[in-house]
Amino acid sequence: MCGIMGYVGPQQAAPILLDGLRRLEYRGYDSAGVAVTNGDIDVRKAEGKIDRLADLLNSSPLVGTIGIGHTRWATHGEPSDVNAHPHTDPSGEFVVVHNGIIENFQSLREELEDLGHGFMSETDTEILAHLVAREYDGDLRAAVRAAVAKAEGAYALVVMTKREPGKIVAVRRISPLIVGLGDGETFLASDIPAVLHRTRDFLIVEDGELVVVTEDGAQIEKIEGGVIDREVMHVDWDAEQAEKGGFEHFMLKEIHEQPAVVTETLAGRLDEYGNAWLEDVKFDDEFARDFDELWITACGTAYHAGLVGKEIFRRLLRIPTNVEYAHEMRYNDPLISAKSLTVAISQSGETADTLAAARLAKERGSRLLALTNVVGSTLSREADDILYTRAGPEISVASTKAYLAMLIAQYLLALRIGRVRGVVDEDLAGRVAHGLSQLPAQVEELLHQESEISAAAEAIVDADDVYFIGRGLDYAVAMEGSLKLKEISYLHSEAMPAGELKHGTLALITEGTPVIVVLTQQALYDKTISAVQEVKARGGKVIAVAYEDDDQIHKFAHRVLRVPRADDLLGPVAAVVPLQLLAYHVARLRGHDIDQPRNLAKSVTVE
Ligand code: M6R
């Protein structure tokens, strides 16, 4: 996720901006840049690490006490010097940095091109510089307002112009922005750690607000107008806590980022009728109509996302779909048709096994689609099509938000193909689109049930073994819940289809054995309850993940973790969140290093 910095005050801006950007490095980035005004606007930017930008500033310094800076995590356009922020308008009088995505970027770009505008970069950001300059009529604040009225999406935008020196104007639409209040100087940043060593007094800019920053402080207004009296927040956190946004661990922070991640993954890609536009999925309608089988390959959590994908594709597309662990597929001589589509799923895009399986699929003539979180990763470079998950950098080894984004991306892919093949009618597509649009609010709601989840964690923390069961999509979720628990709590756990229990594992269920059952699939509800009964009869301790209006489950379960009612097809999205939180709380009670579990690496780049 991009990082933003701004400074207005008496000191030289460039070193302060550079320092702030370094402190935002933990957010992940692929290029960095700064712009300073001093009569004119000067920009320095470079692909790669901040050290490259620092070298550039050493050889070609910037002089001026007002400036903006940015670390970019590519979304539109590959990582490069040209695509790095800041971006200026053609006159070079207006300069912007931005975080997030402009959903209607393509149509805005075409409109501006029709008016004769030319662009240097492939970014959506550069369009904003052009828009602000076009709207400018002596008042930067008004120009920014007019520009953002045209730009749809979830983003934070920061603008500076040489016509009004001494001022930075910024807008928050979902993507975070904070103001740091100093003595005769003011800072702007996407996150508190950037300036925590300079001030402890902050103004938090909320969604839908505009802020005008000067050396005397900041004025916050609604985007549509109307001044807001925001209370100053005094922060006592240390720098490490601040990087985690006040959360105790990155994993918890990332779990809490999920509502915003769902919004980002969907942004600009889906209309209310279920028509999906996937910018880097290049195959044409003919291919979408004609391919005859789907392969999904991945490892770990990404494989579990693929299991959900298999069911989505099966139900929506009726195409034969295989999901294979990449480390198995690469050696098992898969019978891949040359008319197939292979979806390789990988958060990092660098997992050695997944790359090997993806290459094998390509060699056998399959078209390769990379479903990944990292722009420019090896997988994305080798694929024919790319579907970026837009979850932002995931720091905790235990994957959470990337998994959720992988699920959302697969619903989008299924809609894109299903509409073309004519197997997903308007009614079904609209229903799925509606369900997806509800998810950010539903996931948000789930994050407020921490007390029930802590209680469930207490109930299993001392167990020797924990079992997860479910049927269909619920089984796929159970697999992910079990992996989360084992990797961070080091508790032995196993997931299986609920119907499989009686074929062996039931022998291990004795008095007090925890069994976690996922119950979002209504068509299979009674069948799953039969397995729950078998567990209960042996004294097992049942913890259920069930819909909020399920009024039967309390008869069978010792504890119930409630999730908002959803269409069966979308059930896994909400159901996984309590399981992520459960794993987190068990690991916390057991006193483990949650973000860096023993023996595990974030990205497994060796076989
Ligand atoms: O980067 P990838 O998605 O390819 O990584 C695959 C697995 O190594 C990864 O999902 C792993 O299972 C996670 N640590 C699970 O939380």
Side-chain angles (χ1 to χ4, degrees), residues 28 73 249-255 257-258 261 265 296-309 323-330 342-359 361 368-383 386-410 468 476-491 493 495 576-577 579-584 586-587 592-607:
W73 202 69
H249 299 97
F250 280 111
M251 182 181 176
L252 192 58
K253 176 175 181 250
E254 286 159 6
I255 290 172
E257 281 169 3
Q258 292 183 120
V261 165
T265 308
I296 301 175
T297 189
C299 302
T301 284
Y303 172 79
H304 296 153
L307 289 177
V308 174
V323 194
E324 292 259 356
Y325 281 119
H327 37 84
E328 287 289 304
M329 180 163 158
R330 65 185 291 191
T342 298
V343 179
I345 309 180
S346 172
Q347 187 285 130
S348 61
E350 304 295 347
T351 299
D353 286 319
T354 308
L355 288 173
R359 285 171 189 149
L368 177 64
L369 187 149
L371 200 159
T372 181
N373 196 32
V374 179
V375 175
S377 56
T378 307
L379 185 62
S380 70
R381 291 199 306 275
E382 295 189 7
I386 315 167
L387 180 42
Y388 286 119
T389 48
R390 301 180 181 163
E394 193 176 58
I395 291 163
S396 173
V397 167
S399 184
T400 52
K401 62 176 183 171
Y403 169 82
L404 218 68
M406 287 166 185
L407 302 194
I408 303 298
Q410 290 178 102
F468 287 73
V477 174
M479 295 273 285
E480 176 56 9
S482 169
L483 176 65
K484 278 301 80 91
L485 185 68
K486 73 180 94 168
E487 74 174 322
I488 58 170
S489 76
Y490 314 153
L491 246 174
S493 86
V576 79
V577 178
L579 299 183
Q580 295 168 337
L581 286 166
L582 182 67
Y584 173 82
V586 174
H592 295 317
D593 181 348
I594 291 182
D595 288 329
Q596 298 284 335
R598 70 183 179 205
N599 307 340
L600 300 180
K602 181 67 187 159
S603 183
V604 186
T605 53
V606 289
E607 193 179 348

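Read the numbers this way: they start at 1 and go in the same order the structure lists the ligands and their atoms. Nothing fancy with the numbering, it's 1 onward along the sequence.
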Thr372 side chain to Gln347 backbone, donor-acceptor under 3.5 Å: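 Confirmed, Thr372 side chain pairs with Gln347 backbone.
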Tyr490 side chain vs Arg598 backbone, donor-acceptor pair below 3.5 Å: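 It does hold such a pair.
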May I ask you to list the atoms of ligand 1 that are less than 4.0 angstrom from any heavy atom of [X]?
{"X": "Ser348", "result": "1 (O), 2 (P), 4 (O)"}
{"X": "Cys299", "result": "6 (C), 7 (C), 10 (O)"}
{"X": "Gln347", "result": "1 (O), 2 (P), 3 (O), 4 (O)"}
{"X": "Ala398", "result": "16 (O)"}
{"X": "Ala302", "result": "3 (O), 10 (O)"}

Of all the non-hydrogen atoms in the protein, which one sits nearest to [atom], and at what distance?
{"atom": "atom 13 (C) of ligand 1", "value": "Val397 O, 3.8 Å"}
{"atom": "atom 5 (O) of ligand 1", "value": "Thr351 OG1, 3.5 Å"}
{"atom": "atom 9 (C) of ligand 1", "value": "Thr301 N, 4.0 Å"}

Do [X] and [Y] have side-chain atoms, one donor and one acceptor, less than 3.5 Å apart?
{"X": "Thr301", "Y": "Lys484", "result": "yes"}
{"X": "His249", "Y": "Tyr584", "result": "yes"}
{"X": "Glu350", "Y": "Thr378", "result": "yes"}

For Phe468, ring pair (Phe, Tyr, Trp, His ring centres under 6.0 Å) partners two or more places apart: none
Heteroatom proximity flag, Val604 to ligand 1, N/O under 3.5 Å: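 So ligand 1 has no N or O lying under 3.5 Å from an N or O of Val604.
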Within-cut-off N or O pair, Thr354 and ligand 1, under 3.5 Å: no
Within-shell test, Lys484 vs ligand 1, heavy atom, strictly < 4.0 Å: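 Contact present.
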Cationic N near anionic O, under 4.0 Å, Lys401 to Glu394: no
Partner set under side-chain contact (heavy atoms from CB on, under 4.5 Å) for Ala305, not counting sequence neighbours: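 With neighbours one apart ignored, the set is Tyr403, Met406, Leu407, Gln410.
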Structural part of Glu487 in contact with ligand 1, heavy atom criterion under 4.0 angstrom: side chain
